[in-house]
Amino acid sequence: MYSSYNHCRVQLHGVEAIDYYLAGSLCRHLPAQDTPLLFHSIMLLSSLLREGHGCLKLQAEAGQWHWRDEERKGGYHFPAFAQWRNTLRQTALEPLDNQPLVFEHERLYLRRYWAFEKGVADRLKELMVRSFFPDRDLAIEVLGQMFPDGQPDDQQRLAVANAMGSGFSVISGGPGTGKTFTVTKLLAALQCLNNHQLRIAMVAPTGKAAQRLNESVAAAKVILQKQGVLAPEDLLGIPENATTLHRCLGVIPGQHEFRHNAANPLLFDLLLVDEASMVDLPMMYRLLQALPHEASLILLGDPDQLPSVSAGSVLADLTPRPHPGYSAARQQWLQQLAGSSSPMASGKNADYLSVLTDSRRFAEKGGIGRLGAAVIAGEAEKSWDILDSRIPGLQLQKEGDLHSWLDGWIETYYQLLLQTGDVQQAFVLLGAFRILCVTRSGPQGAEQVNEYIEVQLRRTGLICTDGKWHPGCPVMVTRNHYELDLYNGDTGLIVQHDGQLRAAFAKGDELHYFSPLRLPSLEAVYAMTVHKTQGSEFERVALLLPDNDLPLNSRELLYTGITRARNELMIRASEAIWKKAVQRNVERYSGLPDRL
């Protein structure tokens, strides 16, 4: 493809049509001193938005080549930072210029995404300023009830104490650090401080994540009741009816907007959002617009996981590493309430942020925990040594036939799904194991793996139908069906029910059955992409890396795949591809941290 503006004719390799035509359309309406530079800047911005960035950061892209072919020919070379910045400054792209582009703080935005980012920052700053401190003696009493042992260095206790004085809280931590257990105690504490009058809502980005949140909160309530920590009135004040963000905000068919917004806010006093790393920038904007001005917000999640599929990395933007420390007032509050000597910020503080690092799921010397920690730290050599050291719970296949590797899992798990006649037992097997792939397509992608497994299962003679679906086939919904209460990412099984083939989905302790004909978006998922497993866990995971290096293969993706496994992790990867992935991190351009 060629770009041509003002006698500039450059051959570009791999340009997407949408980027080219957006740039051409906007350039026709923008006054510019250097139209070719503006044209290519818009093309780059458009491509970055598709990759999940919220803007174009000039300092990161200045002097870089884009759209060159494999022989490093053609393409466009962006100028040095100062020249690029000066050109954009002369193009009337200030926020008040009311143009479709905005150039601010050395970043170029589509105005829509500039508005999303600014709106999120402004609303969060309002929530942060609304920090409050309840009656100290009552708060100490409530905290003592929730944590009768009273250990000053208890991270969960400190997180509850910190969030008790905030209109906005982020509780971050990896798998097994007790985020849900901690937030259950927090919700009980906040109800005690508010005479059990708080209207609490719990949401998650996907139906699967909402279901897991319900199950985790219910399990935590049972444990806390047995321990004598929660009284009956405390139990009633903590909901177990988490739903998806879309359903909470009220979907309007065919529109991007929701029924609940600034003019029609939600009717809650406190909103808890789990798996917040999956929430993109536009969705966070709409959620904050719909949040009542007097309501509080709690975000729960692991910022080291893969960011949202769409633009933005809101949770990562809100969780600087290491923690920058607390303000003097917040430090004094934590000292009085929890007896904790917390670090004081030397510059910007993060009073809203509590970080849990002690994992109860992964033992300190266990393979999965050690591997995940090394990967997310970018330690390529160390992580490979851990993977290759035959630690219990970890298995590695460096080479060998892929089909032989898959055949082992087919025989161990998926043939059992076909053979069991008990639906409940089949769902237990479904939650026990999954093959995870980096990509959807390609030789080691989920589509190819699913096709191979299906063919091999049919060769066993265990499948007695020629149709697309058969009993024992694991399936996933790939788009939202609001009328059926089924959502993108929900997984279930094809079963025989009342003499008919049905897609069964577990909702709490109940199974809901649907005709596959009502779900045209259904697909088989013997194997899934790592992206699709966010919010899920399995007893055992087989992680399949591609044979070729791909930009998608990053330390965040590996970490997310690794931490889907509770007890055992089997990985097929070459040393070179593994190390390249660990060395590559997901960096998304965003101005949100600076705005905050």
Side-chain angles (χ1 to χ4, degrees), residues 15-30 32 37-62 64 66 78 84-85 87-89 91-126 205 245-246 249 255-258 261-262 273 276-291 299 303 306-318 586-596:
V15 170
E16 295 289 339
I18 188 173
D19 306 331
Y20 181 87
Y21 288 109
L22 176 65
S25 175
L26 294 184
C27 278
R28 280 190 285 272
H29 300 285
L30 289 169
L37 176 56
L38 179 63
F39 176 82
H40 291 97
S41 298
I42 297 170
M43 278 212 309
L44 179 57
L45 171 60
S46 178
S47 67
L48 289 171
L49 286 172
R50 286 189 290 100
E51 293 172 9
H53 299 273
C55 60
L56 164 56
K57 185 178 179 181
L58 260 64
Q59 287 180 322
E61 296 292 344
Q64 300 295 316
H66 280 273
F78 284 91
W84 197 357
R85 177 188 59 190
T87 299
L88 292 179
R89 281 179 174 175
T91 312
L93 299 178
E94 295 289 325
L96 296 179
D97 288 324
N98 199 30
Q99 298 286 7
L101 294 176
V102 175
F103 183 58
E104 186 182 42
H105 306 313
E106 324 300 357
R107 298 179 179 91
L108 184 65
Y109 297 84
L110 283 182
R111 176 168 288 274
R112 183 165 174 249
Y113 284 89
W114 172 84
F116 288 149
E117 184 179 281
K118 186 176 184 302
V120 168
D122 290 347
R123 191 71 180 90
L124 287 178
K125 285 189 286 188
E126 290 177 6
L245 280 166
H246 286 79
L249 290 174
Q255 295 189 29
H256 292 295
E257 302 303 324
F258 295 92
N261 48 41
V273 183
S277 64
M278 299 169 65
V279 182
D280 60 41
L281 180 65
M283 177 58 80
M284 186 62 74
Y285 170 81
R286 294 183 172 96
L287 179 67
L288 289 168
Q289 290 296 302
L291 188 72
L299 301 182
L306 282 167
S308 58
V309 175
S310 299
S313 53
V314 178
L315 184 65
D317 290 343
L318 291 169
V586 176
E587 179 186 0
R588 289 193 166 177
Y589 300 152
S590 167
L592 185 58
D594 291 341
R595 293 184 189 278
L596 293 172

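Along the sequence shown, residues are numbered consecutively beginning with 1. Below, each value reflects all heavy atoms present in this structure, side chains not excepted, and no hydrogens, waters or symmetry copies.
Remark: side-chain polar atoms of Arg111 are paired, donor with acceptor, to backbone N or O of Pro95 under 3.5 angstrom. The main-chain N or O of Leu37 is found under 3.5 Å from a side-chain atom of Ser41 such that the two form a donor-acceptor pair. Side-chain N or O atoms of Asp594 include none that pairs as donor or acceptor with a backbone N or O of Gly591 at under 3.5 Å. In terms of modelled atom types and a separation under 3.5 Å, the side chain of Arg588 and the main chain of Pro307 share no donor-acceptor contact. Panel note: side chain Ser308, backbone Ser310; a donor-acceptor pair is recorded below 3.5 Å. A donor-acceptor pair is defined here as one N or O able to donate and one able to accept, closer than 3.5 Å; such a pair exists between the side chain of Ser47 and the backbone of Leu44. Remark: the backbone N or O of Cys55 is not paired with any side-chain donor or acceptor of Arg107 at under 3.5 angstrom.
Here Leu124 contributes atom CG and Leu596 contributes atom CG; the two are 6.0 Å apart, rounded to the nearest 0.5 Å. In this structure, the separation between CG on Leu38 and OG1 on Thr87 is 9.5 Å, given to the nearest 0.5 Å. Separation of atoms CZ (Arg28) and CZ (Phe39) is listed at 9.0 Å; rounding is to 0.5 Å. Atoms CD and OG, on Glu51 and Ser46 in that order, are 10.0 Å from each other to the nearest 0.5 Å.
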Checking side chain to side chain contact (heavy atoms under 4.5 Å, CB included) for the pair Leu26/Leu110: CA distance, chi angles, key distance, verdict? CA-CA 10 Å; Leu26 294 184; Leu110 283 182; 4.1 Å; yes
From CA spacing to verdict: side chain to side chain contact (heavy atoms under 4.5 Å, CB included), Leu299, Met284: CA-CA 11 Å; Leu299 301 182; Met284 186 62 74; 4.1 Å; yes
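What you find for Leu56 and Leu45 is that their closest heavy atoms are N-CD1, 3.7 Å. Closest non-hydrogen pair, Pro100 versus Leu30, comes out as CD-CD2, 4.2 Å. Between Tyr589 and Ala60 the shortest heavy-atom distance is OH-CB, 3.4 Å. The minimum heavy-atom distance between Val314 and Leu281, with the atom names listed, is CG2-CA, 4.0 Å. Nearest heavy-atom pair, Ala121 versus Leu592, reported as atom, atom and distance to 0.1 Å: CB-CD1, 3.7 Å. Of all heavy-atom pairs spanning Leu48 and Glu61, the tightest one is CD2-OE2, 4.4 Å.
Within the 4.5 Å cutoff, the side chain of Phe258 has heavy atoms near those of the Met283 side chain. Contact annotation: the side chain of Leu315 never approaches that of Val279 to less than 4.5 Å [non-hydrogen atoms, C-beta and beyond]. At a threshold of 4.5 Å between non-hydrogen side-chain atoms, the residues Asn261 and Arg286 do not count as touching. A 4.5 Å side-chain heavy-atom check between Asp97 and Thr91 finds every atom pair outside the cut-off. Val120 places a side-chain heavy atom less than 4.5 Å from the side chain of Leu288. A 4.5 Å side-chain heavy-atom check between Phe103 and Trp114 finds every atom pair outside the cut-off.
Every residue two or more places apart in sequence or in another chain that forms a salt bridge (charged side-chain N to carboxylate O under 4.0 Å, His left out) with Arg50 is listed here: Asp19. For Phe116, the ring pair (Phe, Tyr, Trp, His ring centres under 6.0 Å) partners at least two apart in sequence or on another chain are Tyr113, Tyr285.
Using cut-offs of 30° and 60° on the angle between ring planes, the pair Phe78 and His66 is perpendicular.
Among Arg595, Arg85, Arg89, the one residue that satisfies the salt bridge (charged side-chain N to carboxylate O under 4.0 Å, His left out) test with Glu104 is Arg595.
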